[in-house]
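Structure first, commentary second.
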Amino acid sequence: MERNEKLEMLTALVGELGFSCDDVVNYWKASGKLETKPLQNETVYQTPEKIMPGMFVYVDGLISSEIIEGRQIKAIVGSVDGSDVLAVCLQEACLPWSSDWLEAKATQKMTGGKEATRKLLEISRKKRQEAEAARWCYDYAEDGVKQGEAFLPSLTELEKLFANKAAINASLNALGVALLDGWYWSSTENLDSSAWKLGMSSGNTYYYNKYIGSYVRPVLALKL
């Protein structure tokens with residue numbers, strides 16, 4: 001009996017049993033008895049050993065310098081410090097730091113935005129006051145980013161992003177999304193009435209009244 005005839009008989013038997021060909025393939029994959037290999041012309045992408053600002057961060061964990069068709073990009077590498085990567089999310093908003101002057105002195109000396117964002121939200125809950133910028137970043141769930149994954153960068157982290165602004169903006173521009181431009185809130189408080197911002201045009205830092213609306217850009221902390 002020829003190979004094709006055997007395959008046709010097998011296909012018919014699968015149908016008689018009420019299964020589809022996909023059911024059989026998935027079963028064999030799950031059992032580990034079926035090895036899947038990439039097609040001859042299919043490119044296998046891997047995260048390079050050296051990660052650079054401006055690279056694309058994909059939802060599946062891949063980091064690449066290329067835009068890969070059919071795979072979702074969730075952020076752009078903003079800075080690299082050893083195994084620690086700060087990645088810039090693709091969307092932004094214009095919001096006050098706190099429309100009712102939330103006081104959060106604990107954030108004044110924090111250099112990590114993730115910790116500072118959580119501290120801001122903790123104080124916000126306790127005092128029943130708003131922390132719009134931090135809340136929006138924490139709730140951010142766009143482009144494959146999960147809620148609670150992103151945070152409002154600290155002033156120190158914004159300075160790192162500014163240092164690599166050209167590479168970051170080149171990649172953001174390639175995706176057709178908003179570039180880093182203008183004044184951005186940090187998660188770092190200055191005084192009870194003001195918090196720190198950084199101007200992406202000049203790199204200057206300045207403190208502003210918390211109720212003023214400014215750009216807010218969430219970031220992600222990744223480990224290599």
(request) For atom CD of E103, decide whether the heavy atoms of other residues, nucleotides or ligands shown that lie under 6.0 angstrom number more than 12. (result) yes
(request) Determine whether E157 and F151 make a side-chain contact, defined as any pair of heavy atoms from C-beta on separated by less than 4.5 Å. (result) yes
(request) Quick one: list whatever passes side-chain hydrogen bond (donor to acceptor under 3.5 Å, both in side chains) with E132, sequence neighbours left out. (result) S99
(message) Within a 6.0 Å radius of atom CD on Q46, are there more than 12 heavy atoms belonging to other residues, nucleotides or ligands?
(response) no
(request) Measure the shortest side-chain to side-chain distance between V216 and C137 over non-hydrogen atoms and say whether it is less than 4.5 angstrom. (result) yes
(message) How close do A133 and L152 get, counting heavy atoms only, and between which atoms?
(response) CB-CD2, 3.9 Å
(message) Which heavy atom of S201 sits nearest to which heavy atom of G182, and what is that distance?
(response) OG-N, 4.0 Å
(request) Can you tell me which residue pairs pass the ring pair (Phe, Tyr, Trp, His ring centres under 6.0 Å) test with a partner in residues 111-130, sequence neighbours excluded? (result) none
(message) For A87, give me all partners under side chain to side chain contact (heavy atoms under 4.5 Å, CB included), at least two apart in sequence or on another chain.
(response) V57, A75, L220, L222
(request) Inspect the contact between E189 and K210 and indicate whether a charged nitrogen and a carboxylate oxygen are less than 4.0 angstrom apart. (result) yes
(request) Kindly give the heavy-atom pair with the smallest separation between G61 and T47, and that separation in Å. (result) O-OG1, 3.9 Å
(message) Going by salt bridge (charged side-chain N to carboxylate O under 4.0 Å, His left out), name the residues that satisfy it together with E122, two or more places apart in sequence or in a different chain.
(response) K119, K126
(message) Assigning hydrophobic clusters by single linkage (Ile, Leu, Val, Met, Phe, Trp, Tyr; side-chain heavy-atom cutoff under 4.5 Å), is V177 placed with V59?
(response) no
(message) I'd like to know whether NZ of K146 has more than 12 heavy-atom contacts from other residues, nucleotides or ligands below 6.0 angstrom.
(response) no
(message) With ring-ring contact (aromatic ring centres under 6.0 Å, His included) as the test, pick out the partner of W183 among Y208, Y215, W196.
(response) Y208
(request) Return the set of residues passing salt bridge (charged side-chain N to carboxylate O under 4.0 Å, His left out) with R71 (not counting sequence neighbours), or none when no residue passes. (result) D60
(request) Mark yes or no for whether S214, through its side chain, and Y184, through its backbone, hold a donor-acceptor pair below 3.5 Å. (result) no
(request) Evaluate side-chain contact (heavy atoms from CB on, under 4.5 Å) for L161 paired with K165, printing each intermediate quantity in order. (result) CA-CA 6 Å; L161 298 184; K165 185 184 73 168; over 6 Å; no
(request) Could you tell me the separation between the CG atom of L86 and the OG1 atom of T156, rounded to the nearest 0.5 Å? (result) 11.0 Å
(message) With a 4.5 Å cut-off on side-chain heavy atoms, are S154 and S187 touching?
(response) yes
(message) Main chain of A141, side chain of Q147: is a donor-acceptor contact present, judged purely on distance under 3.5 Å?
(response) no
(request) Tell me whether L155 is reachable from L191 by hopping between hydrophobic residues (I, L, V, M, F, W, Y) whose side-chain heavy atoms are closer than 4.5 Å. (result) no
(request) Enumerate the residue pairs fulfilling ring pair (Phe, Tyr, Trp, His ring centres under 6.0 Å) with a member in residues 101-127, sequence neighbours excluded, ordered by first and then second residue. (result) W101-Y211
(request) Report the residues that fulfil salt bridge (charged side-chain N to carboxylate O under 4.0 Å, His left out) with K160, sequence neighbours left out, ordered by chain and then residue number. (result) none
(message) Go through it in stages, so that I can follow the logic: the residues are L198 and E159, the test is side-chain contact (heavy atoms from CB on, under 4.5 Å), and I'd like the CA-CA distance, side-chain angles, deciding distance and then a yes or no.
(response) CA-CA 7 Å; L198 183 140; E159 290 172 334; 3.6 Å; yes
(request) Please collect all ring pair (Phe, Tyr, Trp, His ring centres under 6.0 Å) contacts where either partner lies in residues 43-96, sequence neighbours excluded, each pair once. (result) none
Could you give the side-chain donor-acceptor pairs of residues 76-83 under 3.5 Å, partners two or more places apart or in another chain?
none

(request) For N209, enumerate each residue passing the side-chain hydrogen bond (donor to acceptor under 3.5 Å, both in side chains) test, keeping only those at least two apart in sequence or located in another chain. (result) none
(message) Less than 4.5 Å apart, side chain to side chain, heavy atoms only: is that true for E142 and P218?
(response) no
(message) With ring pair (Phe, Tyr, Trp, His ring centres under 6.0 Å) as the rule and sequence neighbours excluded, what pairs involving residues 106-136 come up?
(response) W136-Y140
(message) Is there a continuous path of hydrophobic side-chain contacts, each under 4.5 Å between heavy atoms, that joins L102 to Y138?
(response) no
(request) Tell me whether the guanidinium CZ or amine NZ of K197 lies under 6.0 angstrom from the six-membered ring centre of Y206 and within 45° of its axis. (result) no
(request) Output the distance between atom CG (L179) and atom CZ (R217), rounded to the nearest 0.5 Å. (result) 8.0 Å
(message) Test of understanding: clusters of I, L, V, M, F, W, Y form through side-chain heavy atoms closer than 4.5 Å, transitively. Do L121 and W185 belong to the same one?
(response) no
(message) Nearest 0.5 Å, please: how far is CD1 in I63 from NZ in K50?
(response) 14.5 Å
(message) To the closest 0.5 Å, what do you measure between NZ (K105) and CG (N190)?
(response) 11.5 Å
(request) Output, in order, the C-alpha distance, side-chain angles, deciding distance and verdict of side-chain contact (heavy atoms from CB on, under 4.5 Å) for M110 and T188. (result) CA-CA 7 Å; M110 289 183 176; T188 310; over 6 Å; no
(request) To the nearest 0.5 angstrom, please state how far the CD1 atom of I73 sits from the OG atom of S64. (result) 8.5 Å
(request) Check salt bridge (charged side-chain N to carboxylate O under 4.0 Å, His left out) between K109 and all other residues, then give those that pass, not counting sequence neighbours. (result) none
(request) Determine whether N169 and D181 make a side-chain contact, defined as any pair of heavy atoms from C-beta on separated by less than 4.5 Å. (result) no
(message) Measuring from atom CG of D143 to atom CG of L90, what distance do you get when rounded to the nearest 0.5 angstrom?
(response) 4.5 Å
